[in-house]
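All remarks here apply to the structure that follows.
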2 protein chains.
Amino acid sequence: MSGSHGDGQNLGLLCFYPHRAMEARVLAAVAAAGHGHITPAQGRIAARIGPRGTRLTDLAEQALVTKQTAGHLVDQLERAGYVRRVPDPTDARARLVQMAERGLEVVAIARRVEAEVEAEWTAHLGEEAAAQLRTALTRLREITDPYR
Amino acid sequence: MSGSHGDGQNLGLLCFYPHRAMEARVLAAVAAAGHGHITPAQGRIAARIGPRGTRLTDLAEQALVTKQTAGHLVDQLERAGYVRRVPDPTDARARLVQMAERGLEVVAIARRVEAEVEAEWTAHLGEEAAAQLRTALTRLREITDPYR
DNA sequence: TGACGTTGGTCAGATCTTCTGACTTGATAG
DNA sequence: CTATCAAGTCAGAAGATCTGACCAACGTCA
């Protein structure tokens, strides 16, 4: 539901291609490193886990899915040993989802591949245009990401 | 599976927010116009139907889904009256998926909302930065979209 | 012209993702 | 202390997507 054909594609659709390409590259590298098969949905949740752990509700909100969906995906990640749930010391109702050791390995791979891909993009666009792109997207995020 | 936290987010993730925002706005407007509920997946297929119709296989390829998935989504769109399948005069095996009248109404709404959203973005970024953003994304597409 | 590999598309079955609604338990404000 | 709100879970259903197996029409090359 977006995108005329030919040259003048709408900006929303134009944003889609790089995102898809990046996600595919990261997922492929993680799989190639022997970490079985992490699904895109699992990845999108996992990518939002903060250094000290994050509440399920917060993960759901940031990823724009329901608590149930987030809970289900965390179940899968937990079963596979990538994350763990620990009690939140500040609220007995809540639990924090934290990266486990195995999860940290995957994060390291993801960061490396992200850097590689960005380098390729920068090489294609040139330093200056790449920097401008980052600036513009960051500013655009101010009005397109409800969970900054 | 992408994205550090804080400021320095990776470009792939930064691309995600505008895309998501655009898709959500278009879908909301279509729903508000009384066109029941078109799902994101249906929209992504429908958006790739050309003016004279497009083969299922081509739709699947461009949307990066299997023929089966594309066929399933076209079934739904056809049942809802948004598209129709007609025989391809040049190949008896193939059929062309074309927009029906009802579908064209939706396309018109989508185009209008896309333009509105782009105008908002341009207002936020400034004319020049918006133009540069479009240029950079278009060039990036050269290396991130396998089906240009 | 007819056998063979290719291409457009469907059928069947499975898995993954996501949602709505109802519920439990703990936190918090009057 | 009670009414309400927030964090999560349970249950069930609908969507979206995949793999594998098939069929029919196309194109080609001997």
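Letters A, B, ... mirror the listed sequences (proteins, then strands); counts begin at 1.
For Glu101(A), the salt bridge (charged side-chain N to carboxylate O under 4.0 Å, His left out) criterion is met by Arg84(A), not counting sequence neighbours. For Glu105(B), the salt bridge (charged side-chain N to carboxylate O under 4.0 Å, His left out) criterion is met by no residue, not counting sequence neighbours. Every residue meeting the side chain to side chain contact (heavy atoms under 4.5 Å, CB included) condition with Glu118(A), not counting sequence neighbours, appears here in chain and number order: Met22(A), Arg134(A), Asn10(B), Leu11(B). Scanning for side chain to side chain contact (heavy atoms under 4.5 Å, CB included) contacts around Ala33(B) gives His35(B), Ile109(B), with sequence neighbours left out. Among residues two or more places apart in sequence or in another chain, the salt bridge (charged side-chain N to carboxylate O under 4.0 Å, His left out) test is passed with Arg95(A) by none. Here Thr69(A) pairs with Thr66(A) under the side-chain hydrogen bond (donor to acceptor under 3.5 Å, both in side chains) rule; sequence neighbours left out. Residues passing the side-chain hydrogen bond (donor to acceptor under 3.5 Å, both in side chains) test with Arg93(A) are Asp91(A), sequence neighbours excluded. Residues that satisfy the side-chain hydrogen bond (donor to acceptor under 3.5 Å, both in side chains) test with Gln132(B), not counting sequence neighbours, are absent from this structure. Partners of Thr57(B) by side chain to side chain contact (heavy atoms under 4.5 Å, CB included), not counting sequence neighbours, listed by chain and number: Lys67(B).
Boundaries of the chain A contact region on DNA chain C are dC16(C) to dA27(C), first to last in 5' to 3' order (nucleotide atom under 4.0 Å from a heavy atom).
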Hey, what are the protein-to-nucleotides 5-7 of chain D N/O distances that come in under 3.5 Å?
{"from": "dA6(D)", "atom 1": "O4'", "to": "Arg93(A)", "atom 2": "NH1", "distance (Å)": "3.4"}
{"from": "dA6(D)", "atom 1": "N3", "to": "Arg93(A)", "atom 2": "NH1", "distance (Å)": "2.9"}

Can you tabulate the close N/O pairs, meaning under 3.5 Å, that link protein atoms to atoms of nucleotides 16-19 of chain D?
{"from": "dA16(D)", "atom 1": "OP1", "to": "Thr39(B)", "atom 2": "OG1", "distance (Å)": "2.5"}
{"from": "dA16(D)", "atom 1": "OP2", "to": "Gln76(B)", "atom 2": "OE1", "distance (Å)": "3.3"}
{"from": "dC18(D)", "atom 1": "OP2", "to": "Thr66(B)", "atom 2": "N", "distance (Å)": "2.9"}
{"from": "dC18(D)", "atom 1": "OP2", "to": "Thr66(B)", "atom 2": "OG1", "distance (Å)": "3.2"}
{"from": "dC18(D)", "atom 1": "OP2", "to": "Thr69(B)", "atom 2": "OG1", "distance (Å)": "3.1"}
{"from": "dT19(D)", "atom 1": "O4", "to": "Gln68(B)", "atom 2": "NE2", "distance (Å)": "3.4"}

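The residues Arg48(A) and Glu61(A) are annotated as not salt-bridged, no charged nitrogen and carboxylate oxygen being separated by less than 4.0 angstrom.
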